[in-house]
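Here is the structure we will look at.
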4 protein chains.
Amino acid sequence: MTREASILNAATRVFAAAGYHAARMAAIAREAGVADGTVYLYFRGKRELFVALFQRGFAEFLAGLDEALASSTPPLDALCAYHLRYLGARYDLAVITQVEMRHSDPELREDIGRIVRPYFDRIEAAIAAMPHDADIKVARRMVFGTLDEQVTAWVRSGGAFDLASLAPEVSRLLRRALGGND
Amino acid sequence: MTREASILNAATRVFAAAGYHAARMAAIAREAGVADGTVYLYFRGKRELFVALFQRGFAEFLAGLDEALASSTPPLDALCAYHLRYLGARYDLAVITQVEMRHSDPELREDIGRIVRPYFDRIEAAIAAMPHDADIKVARRMVFGTLDEQVTAWVRSGGAFDLASLAPEVSRLLRRALGGND
Amino acid sequence: MTREASILNAATRVFAAAGYHAARMAAIAREAGVADGTVYLYFRGKRELFVALFQRGFAEFLAGLDEALASSTPPLDALCAYHLRYLGARYDLAVITQVEMRHSDPELREDIGRIVRPYFDRIEAAIAAMPHDADIKVARRMVFGTLDEQVTAWVRSGGAFDLASLAPEVSRLLRRALGGND
Amino acid sequence: MTREASILNAATRVFAAAGYHAARMAAIAREAGVADGTVYLYFRGKRELFVALFQRGFAEFLAGLDEALASSTPPLDALCAYHLRYLGARYDLAVITQVEMRHSDPELREDIGRIVRPYFDRIEAAIAAMPHDADIKVARRMVFGTLDEQVTAWVRSGGAFDLASLAPEVSRLLRRALGGND
DNA sequence: AATGAATGAGCGTTCATTCAT
DNA sequence: TATGAATGAACGCTCATTCAT
């Protein structure tokens, strides 16, 4: 594992455990097994490290999503299953996603928003690809909000249940909500 | 207005504008027109002030909700309309709710969770009161997640559209999702 | 002595002993007998503390100078005597003056320059008030440079000789240099 | 140009532009076209590099001075002309001389003092070589202070005038000050 | 109850220097 | 010799909280 990768991994663990503000750069460095200053050779600062972490996690998420969407499963079902399976297998990332996506630092929030937007587009496309009679924006927020809240509950429970197994019920309800059942 | 109330009001404005971490106790005191030390005569500290704020806001929200639920409207529709109408008229509170409800400080998050739980019970009761075939937990998270995400989008937009007017479409979709249409 | 005054006194000692860069705010606070944060209640930061120190020292210097110039002694002689007497009685201030007046931080240097300029005007006025045939700028630099270098040598020696007693010889040579002897 | 020489040249530029404290070893290395570590093969550290720079610059200055003093011009006049001509043609070196000669780091200041002393001896010798009635130390400081302050003013002006052309007026005034006019 | 001056722990970041290659 | 990635000590400043008045 490259130094950069171990720093990112360490950062994921520390940010997830402590939250952005309480996370200490020194703790990340120690967790990564490098000196404090070394972190700054790879990332400009705390904020950049966090954004980079988020960005790469999301890029991987999106890449996998596109693969999942390419299968023969109806897009919305594929998307729901993928969302819950992906985060259900990455507790730390899920924590970060839930906790930090609505961050109080406006700049950070904007960075995050820019990173997440492509996912919103995928959701809208998945909805548009099925028969439905819903307001597309309200529907998109319903889909994301529903999935996101399942993850939040899972994180709140400390990962006590199997997130991925919620997929069938979630997508059944969402499909029916959108009016695309026949 | 009592001193306590003006401190709470000031805190609402400051927390909403700056976020929990960037909010300065001194700014809250100044905004409330009291000395720094005075805040501590009414609230043990920053965290407690924030929790108190959240708690009272939520208590009022819940009280109004119960009134709304007492009308002849179907509970779920009443709840959706109320949620969007209430926050749609209180931008600062909405910001705080969205941004801070999933806070990175674990202790704070737990406090918030305890405060919000009664609302989850109301949502589950509203679902139970209608014909439906959904998993109650998944459904409750769908309802809350859907409503919450509408608010988040509204906050992100800077309050650029009318939140309350989304209610009919939101409750139509939710009703259909739950299978309670006939 | 007010807190502000004790901080300024402490700062004078610490800056003189260590130089601007090596001087630690914590050392100044400790020397002043206050907490670290207290310094920042009176001065915006290290730079501002230094400039304030310089400014007040110089203001006092200038006020005393104007008094000295008001006597019946020829201005240039009064000025030389005053310069050497004033700094000769304030070793720490002399150190700061010599060491920091030509500071490498451009902003700081500019602040210092602005503060010192009025003294240059007084010197030029003192020269103009006597019969002389010298270029006024070259002459002003000669007067200041000559006085300044006596102080530098005194500081370098650790204050080992009596600075004020150099005044007669210094002003005799300067008077003669300017061509004002008859 | 040897590596050592290019490092010294780079250091001159960087120290002049940024000042001792703000000068970065990495910047010097980059400017010299060598790796960071390479600088330490030639100089023990930042301080030593600076002292070496100053030392060599001064050695060259002194060598040229001795040549200038060997001419038939009266020593003091030769010295003044040389001082102003030499620095007037080397802005970077002049900046370093003015800004850093009275450095706040005591050890560095002592090194510098040791390096400059031979020049003081030359000045005293030049004074001694002419008829005069002045205290030799006061006179030496007058000569150096006067010259130095011309350079300081020139540096402060950003090199806006011709330094060397001040020589006749400077040495005229100094000669007259010392009482060596006939 | 109210004040607000004082406190002091806490931390992100820089950069001279080292050393394995 | 030369490299440049890695090191880690060092420090100015903030701000929640306290407490003498």
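Naming: A, B, ... by sequence-line order, numbering from 1 per chain. In this text, all values refer to a predicted model and were calculated from it rather than measured experimentally. Note that these values count all heavy atoms, side chains included, but never hydrogens, waters or copies made by symmetry.
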List the atom pairs, with distances to 0.1 Å, where a side-chain N or O of residues 49-62 of chain C and a protein N or O form a donor-acceptor pair under 3.5 Å, not counting sequence neighbours.
unit_1   : atom_1 : unit_2   : atom_2 : d
Arg56(C) : NH1    : Glu4(C)  : OE2    : 2.4
Arg56(C) : NH2    : Glu4(C)  : OE2    : 3.3
Glu60(C) : OE2    : Tyr86(C) : OH     : 2.8

*Looking for any heavy atom pair under 4.0 Å, which part of the strands does Gly37(B) touch: base, sugar-phosphate only, or nothing?*
base

*Can you tell me if the side-chain N/O atoms of Arg44(A) get under 4.0 Å from OP1 or OP2 in dT14(E)?*
no

*With nearest nucleotides of DNA chain E determined for Asp36(B) and Asp36(A) from heavy-atom distances, which residue corresponds to the more 5′ nucleotide?*
Asp36(B)

*Tell me, please, the opening and closing nucleotides of DNA chain F, 5' to 3', among those with an atom under 4.0 angstrom from a non-hydrogen atom of chain A.*
dA6(F) to dG8(F)

_side chain to side chain donor-acceptor pair (under 3.5 Å) against Arg114(D), all qualifying residues, sequence neighbours excluded_ = Asp111(D)

Could you tabulate the donor-acceptor pairs under 3.5 Å formed by side-chain atoms of residues 18-30 of chain C, not counting sequence neighbours?
unit_1   : atom_1 : unit_2   : atom_2 : d
Tyr20(C) : OH     : Arg47(C) : N      : 3.4
His21(C) : ND1    : His21(D) : ND1    : 2.9
Arg24(C) : NE     : Ala22(C) : O      : 3.4
Arg24(C) : NH1    : His21(C) : O      : 3.2

*Partner set under side chain to side chain contact (heavy atoms under 4.5 Å, CB included) for Val95(D), not counting sequence neighbours*: Ala16(D), Tyr91(D), Val99(D), Val155(D)

*Sequence neighbours left out, what passes side chain to side chain contact (heavy atoms under 4.5 Å, CB included) with Arg44(B)? Give chain and number order.*
Glu48(B)

*What residues form a side chain to side chain contact (heavy atoms under 4.5 Å, CB included) with Ala35(B), not counting sequence neighbours?*
Thr38(B)

_Gap between atom OG1 of Thr12(C) and atom CG of Leu8(C) - 0.5 Å precision_ = 6.5 Å

*How about Met1(C) and Asn9(C): do any of their side-chain heavy atoms sit closer than 4.5 Å?*
yes

*Among residues 8-35 of chain B, which residues get a heavy atom nearer than 4.0 Å to DNA chain F?*
Ala23(B), Arg24(B), Met25(B)

*asked:* Could you work out, with side chain to side chain donor-acceptor pair (under 3.5 Å) as the rule, every residue matching Arg13(C), not counting sequence neighbours?
replied: Glu31(C)

*Hey, does Tyr42(D) reach any base, or is it just sugar-phosphate, or nothing, if we go heavy atoms under 4.0 Å?*
sugar-phosphate

*Which salt bridge (charged side-chain N to carboxylate O under 4.0 Å, His left out) pairs, counting each pair once, include a residue from residues 94-104 of chain D, with sequence neighbours left out?*
Asp148(C)-Arg102(D), Glu149(C)-Arg102(D), Arg102(D)-Asp148(D)

*With sequence neighbours excluded, tell me which residues meet side chain to side chain donor-acceptor pair (under 3.5 Å) with Thr152(C).*
Gln98(C)

*Dot-bracket for DNA chain F, 5' to 3', counting Watson-Crick or G-U wobble pairs under 3.5 Å, with [ ] for crossing pairs and | for inter-strand pairs?*
.||||||||||||||||||||

*State whether Arg3(B) places a side-chain N or O below 4.0 Å from either non-bridging phosphate oxygen (OP1 or OP2) of dA2(E).*
yes

